[in-house]
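So the structure is just underneath, and the comments pick up after that.
If you're wondering where the values come from, they're calculated on a predicted model, not measured in any experiment. Letters A, B, ... are given to chains in the order of the sequence lines, protein chains preceding strands, and every chain is numbered from 1. No hydrogens, no waters, no symmetry mates; every other heavy atom, side chains included, goes into these values.
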4 protein chains.
Amino acid sequence: MEKHPRLNPRKRPTQKRSQATVDDILEAAAYILERDGWKGFTTNAVADKAGVNISSLYQYFPNKESIVLELRRRHGERVQECFTAPKGRVPAGATLRDMLHMLVEAGVREHRVAPALHRIFSEEIPSSAFDAYPAWEAHMAREWAHRMRPLFRGVPHPEMAIFVAQTVGHAVVHEAANRRPELLKSPAFIDEVVTLLERYLRRDASGRH
Amino acid sequence: MEKHPRLNPRKRPTQKRSQATVDDILEAAAYILERDGWKGFTTNAVADKAGVNISSLYQYFPNKESIVLELRRRHGERVQECFTAPKGRVPAGATLRDMLHMLVEAGVREHRVAPALHRIFSEEIPSSAFDAYPAWEAHMAREWAHRMRPLFRGVPHPEMAIFVAQTVGHAVVHEAANRRPELLKSPAFIDEVVTLLERYLRRDASGRH
Amino acid sequence: MEKHPRLNPRKRPTQKRSQATVDDILEAAAYILERDGWKGFTTNAVADKAGVNISSLYQYFPNKESIVLELRRRHGERVQECFTAPKGRVPAGATLRDMLHMLVEAGVREHRVAPALHRIFSEEIPSSAFDAYPAWEAHMAREWAHRMRPLFRGVPHPEMAIFVAQTVGHAVVHEAANRRPELLKSPAFIDEVVTLLERYLRRDASGRH
Amino acid sequence: MEKHPRLNPRKRPTQKRSQATVDDILEAAAYILERDGWKGFTTNAVADKAGVNISSLYQYFPNKESIVLELRRRHGERVQECFTAPKGRVPAGATLRDMLHMLVEAGVREHRVAPALHRIFSEEIPSSAFDAYPAWEAHMAREWAHRMRPLFRGVPHPEMAIFVAQTVGHAVVHEAANRRPELLKSPAFIDEVVTLLERYLRRDASGRH
DNA sequence: TATGAATGAGCGTTCATTCAT
DNA sequence: CATGAATGAACGCTCATTCAT
C-alpha cells in the first residue's frame with residue numbers, strides 16, 4: 001500500500017473511444033497472460049496486442065500491476081453474480097443440502113465464466129505481485145456461513161468446520177476446472193461434492209437428508 | 001524438449017567442495033525466493049547471497065529455472081518420506097479411518113518440513129515457469145488409492161471419489177498451512193479432516209467408525 | 001534560427017480570456033520550476049497546474065522552451081525597471097559613489113522582485129536550453145558604463161575595469177541573494193559593495209568619498 | 001540523501017581493465033556533457049561514446065547522477081591542488097597583496113585545468129540534480145580567510161568582507177574564464193583583480209602596496 | 001476554440017548469461 | 001577451476017507534442 005504508488009486506474013475514461021481503449025487493453029492483457037504467462041506479460045506486449053500505443057496504456061493504468069488488478073476486479077464482479085443471484089432465490093424451507101447444491105452449482109458456473117482467467121489468477125500470477133487483496137470473497141463467505149450454520153448437526157467445532165467446508169468446496173471445484181474440465185459438466189460430480197459437504201456438516205444421519 | 005534447453009543440473013558435483021557450493025546456492029535460492037518472491041529471484045542475487053561467483057553458479061546450473069527445479073526436487077524427496085515411511089507400517093487389519101489418519105498426519109508433517117518452501121512452490125512461482133512436472137506425486141497417490149478402495153462403502157463413482165478425496169485432503173491441509181498455521185498443531189483439526197473423508201468414503205454408517 | 005523552430009509565443013493573445021490563460025500558464029510554470037526544478041518542468045505538469053488543457057497550452061506556446069523564455073522576458077522587463085527608473089533621476093552633479101549606490105541598490109531591488117525566479121534562471125535551467133539570449137542587459141550595461149567612465153581615477157585599463165566591476169557587482173549581489181538573503185536587507189552590505197567598487201574605480205584617494 | 005538510492009560509485013574497480021572502463025565512461029561523460037549539454041546527457045549516449053556496454057556502465061555507477069558526481073569529485077581533486085600547493089609556499093613575511101596574488105593565480109590556474117568541465121558544473125547542470133554537495137571548498141576558504149584576516153585594515157565588518165571578497169574573487173575569474181577566456185592569460189587582469197581585493201581589504205592607504 | 005485522446009521516440013535501468021584471465 | 005568483467009536484449013515508463021472531435 002505504501003510501496004506501490006498506485007494500483008487503481010489512473011484516469012476514468014469518459015468518452016466512448018477511451019472506454020473502448022481500456023477494454024481493448026484488458027482484453028489483450030488477458031490474452032497475453034493466457035498465452036505467454038506472467039513472464040511474457042509486458043506492458044509493451046499488451047499495448048501491441050491491444051493495438052494501442054504504450055503511452056495510451058499508461059494514461060489509464062499507472063503500472064503493470066494495476067492492469068491485472070483491474071482485470072481481476074472485473075472478473076470478480078462477474079463471478080460474484082454467480083453467488084449473489086441464487087442467494088435471493090433461496091426458498092424459506094431450504095434444507096442444508098439445497099443450499100449446498102446452490103453453492104456448488106454457483107461455483108461450477110463461476111469456473112465456466114472464464115476458466116482461463118481463473119487459472120491465470122490462481123496459478124500464474126505470483127502472489128507477491130499484489131499486496132492489497134480486496135475482501136469481497138470473505139464477505140460473501142461469511143454471509144453464507146451464517147445462513148447454513150443453524151442447520152449443522154453433530155459438528156463439534158463449527159468454526160473449524162466452516163473453514164474446512166469452504167476450503168474444500170472451493171478447492172475441489174477449482175481443481176476439477178483446471179485438471180478435469182469434463183467433470184464440471186457432470187451432474188454426478190456436483191452431487192458428489194454436495195454429498196461430501198453434507199455428510200461432513202450433518203453427522204446425525206447416514207443416508208441422504 | 002526443444003523449448004527448454006536444459007533443466008537438469010549441468011554437472012553432477014562429485015567432490016565435497018562442489019557439493020557444498022551447490023548446497024549454498026540452493027539455500028540462498030530458497031532464502032531469496034522467500035524474502036523477495038519470484039520477482040526478486042535473480043541469478044545474481046542468488047549468487048551474491050550464496051557467496052559464490054555468478055560464473056560458478058552457471059557451472060552447476062545451466063539456467064535460472066534449473067535452480068528452482070533442483071530445489072523442488074530435493075524438497076519433493078523429503079516430502080515423499082513423510083508418505084513412504086508410514087506406508088510400510090500399515091498394519092494388516094487397518095481400517096479406512098486408520099489409513100486416512102496416517103495420510104492426513106503425513107500431509108501435516110509434510111507441511112511442517114519446510115512451510116516456506118511449500119508456499120513458494122505453490123503460490124509464488126508461476127506455473128508456466130515449468131512445463132515438466134515429475135509425476136512422483138501421481139504414482140504415490142495411485143498406490144494409496146489402490147489400498148483404500150476396497151474399503152469404500154456406498155460410493156457410486158469410486159474413480160471420481162478418489163479424485164475428490166485426494167484433492168480435498170491435499171487442499172485443506174495446504175490451505176490450513178498457509179492461512180491458519182495454528183490449525184496444523186491441533187489434533188482436532190486432523191480429526192475433522194479424517195472425518196470429512198471417512199464419511200465421504202463410507203456412506204453406510206452415520207456415526208464415527 | 002534553424003535548430004530552434006520557434007521560441008516566440010505562437011499567438012499574441014488579444015482577448016482578455018486568452019491573456020488570462022497565458023498568465024495562468026506562466027504562473028504555473030514558475031511554480032513548477034520552483035518546486036520541482038527543471039527536471040519536473042514538463043508541459044503536462046504546467047498545464048495541469050495552470051488548469052488548462054495541454055492542447056491549449058500549445059496554442060499559445062510552440063514548445064516547452066518558449067514558456068521559459070517568455071517567463072524570462074517578463075521577469076527581465078520588471079527587472080529592467082529597477083535600473084531604468086533611477087537612471088532618469090541621476091542628478092547633474094552626482095559623484096561616482098552616488099551612481100554606484102544607485103546601481104547596487106537597484107541590483108538589490110532586482111533580487112527582491114522575485115528571488116525564486118532569479119534562482120531558477122541562474123541555477124536551475126541549463127544554459128544550453130537557450131541559445132538565443134536577448135541583449136537588453138548588455139545595452140543597459142553599456143549605458144551606465146558610458147556615464148561613469150569619466151569619473152574613473154587612476155584606472156590603467158578602463159575597459160577591463162568595466163568588465164571587472166560589472167561582473168563583481170552583479171555576482172556579489174546575486175550570491176548574497178541566494179546564499180545569504182539576510183544580507184540584502186542590511187544597508188551595511190550595500191555600503192560594502194559600493195566601497196569595493198568605488199575604491200577599485202577611484203584609486204587616487206584612500207578614504208571614503 | 002534519502003531519495004537518491006546511492007550516489008557513490010557502485011563497485012570499486014580492482015583490475016586494470018575495469019579501471020580503464022571507468023575512466024572511459026567518465027571521459028565520455030565529460031565529452032557528452034560538453035557537446036550536448038545536460039539534455040543530451042543520457043546513460044546510453046555515454047556508454048556508446050565510451051565504447052562500453054550500457055550494463056557495464058551500471059556495474060560501476062548506480063545511476064546517471066553518480067557519474068556526474070564522480071566527475072565532479074575527480075575534477076575537485078585536481079582543482080584543490082591548485083590551492084593547496086601554493087599554500088605551503090607562503091613565505092613568512094608575505095603581505096596581503098602577495099597572498100591575494102597567489103590565490104588569484106591559483107584561481108586562474110584552476111580554470112585552466114579543464115575549463116569546459118568548469119562551465120559544465122557551474123552552468124549546465126541544474127543544481128537540483130544533486131542534493132549532497134561536499135564541502136571541501138568551504139573548508140579551504142576558511143583556512144585562507146584565517147590567514148589573511150589579521151592583515152585587514154580599516155574593514156568595519158570583517159566577516160562580511162570575507163564573504164564579499166571570496167564571492168567577488170571567485171566570480172570574476174569564473175566569468176572571465178567563460179566569457180573572456182583571453183583575459184586569463186593577461187598578467188594585467190590578475191593584477192586588476194588583486195588590486196580590487198587589496199584596496200577593499202586595506203582601506204588605510206590609497207596607492208598601490 | 002477548447003478538450004479528451006492519442007502517439008513516437010526514447011530514457012534509465014535490469015538481468016540472464018558468457019567471455020577472458 | 002574460479003573470478004572479475006562484460007554484454008545484448010529488453011522492460012517499465014515518461015514526455016513533448018499532435019490529432020480529432
Item to check | From dA6(F), dT7(E), dC19(F), nucleotide with atom closest to Gln59(D) side chain | outcome: dA6(F)
Checklist outcome for this item: When rounded to whole Å, the CD1 to P distance for the pair Ile25(B) and dA2(F) reads 10 Å
Item to check | Euclidean distance, atom CZ of residue Phe41(C) to atom C1' of dT14(F) [Å, nearest integer] | outcome: 16 Å
Item to check | DNA chain F: 5'-proximal contact among Arg17(A) and Ile54(D) (nearest heavy atom) | outcome: Ile54(D)
Next on the checklist: Assess the residue pair Leu69(C) and Phe61(C) against the criterion (side-chain contact (heavy atoms from CB on, under 4.5 Å)); give the C-alpha distance rounded to whole Å, side-chain angles, the decisive distance to 0.1 Å, and a yes or no.
Outcome noted: CA-CA 10 Å; Leu69(C) 209 66; Phe61(C) 298 94; over 6 Å; no
Item to check | For atom CG of Asn53(B) and atom P of dC19(E), their distance in whole Å | outcome: 15 Å
Checklist entry - Parallel, tilted or perpendicular for Phe121(B) and His75(B), by the 30°/60° rule? => result tilted
Checklist entry - Taking for each residue the nucleotide of DNA chain E bearing the nearest heavy atom, is the 5' side occupied by Lys39(B) or by Ala45(D)? => result Ala45(D)
Checklist entry - Which of the following nucleotides, dA5(F), dA2(E), dA16(F), is nearest to the side chain of Lys64(C)? => result dA16(F)
Next on the checklist: Without decimals, in angstroms, what is the distance between Asp24(A) CG and dA5(E) C1'?
Outcome noted: 14 Å
Checklist entry - Do Arg74(C) and Glu77(C) meet the salt-bridge criterion of a basic N to acidic O distance under 4.0 Å? => result no
Next on the checklist: By the 4.0 Å heavy-atom rule, please label Thr42(B) as base, sugar-phosphate, or nothing.
Outcome noted: sugar-phosphate
Checklist entry - In Watson-Crick or G-U wobble terms, both distances under 3.5 Å, what is the partner of dC19(E)? => result dG4(F)
Checklist entry - Between dC19(F), dT18(E), dA6(E), which one does the side chain of Ser55(B) approach most closely? => result dT18(E)
Item to check | Nearest-nucleotide pick for Thr43(C), side chain only, options being dT17(F), dT17(E), dT3(F) | outcome: dT17(F)
Item to check | Least distance between heavy atoms, Ser18(D) atom then Tyr60(D) atom | outcome: CB-OH, 3.0 Å
Checklist entry - Once you round it to whole Å, what is the distance between P of dG12(E) and CD1 of Ile32(D)? => result 11 Å
Checklist entry - Expressed in angstrom and rounded to an integer, what is the separation of Leu57(D) atom CG from dC15(E) atom C1'? => result 16 Å
Checklist entry - OP1 or OP2 of dC13(F) sitting under 4.0 Å from any side-chain N/O of Tyr60(A)? => result no
Next on the checklist: Both Tyr58(A) and Ser56(D) contact DNA chain F. Taking the nearest nucleotide for each, which residue is further toward the 5' end?
Outcome noted: Ser56(D)
Checklist entry - Mapping Val52(A) and Gly51(C) onto DNA chain E by nearest heavy atom, which one lands closer to the 5' end? => result Gly51(C)
Checklist entry - When only distance counts, do a donor and an acceptor, one from the side chain of Asn44(D) and one from the base of dG10(E), lie under 3.5 Å apart? => result no
Checklist entry - Roughly, in whole Å, what's the span from CZ in Phe61(D) to P in dA5(F)? => result 13 Å
Checklist outcome for this item: Any strand, both distances under 3.5 Å, Watson-Crick or G-U wobble: dT14(F) pairs with dA9(E)
Item to check | Where Val46(A) and Ile25(A) come nearest, the two heavy atoms and their spacing | outcome: CG1-O, 3.6 Å
Item to check | Interatomic distance, Trp38(A) CH2 vs dC11(F) P [rounded to whole Å] | outcome: 13 Å
Checklist entry - Looking just at side-chain N and O atoms, do Asn44(B) and Thr42(B) make a donor-acceptor pair shorter than 3.5 Å? => result no
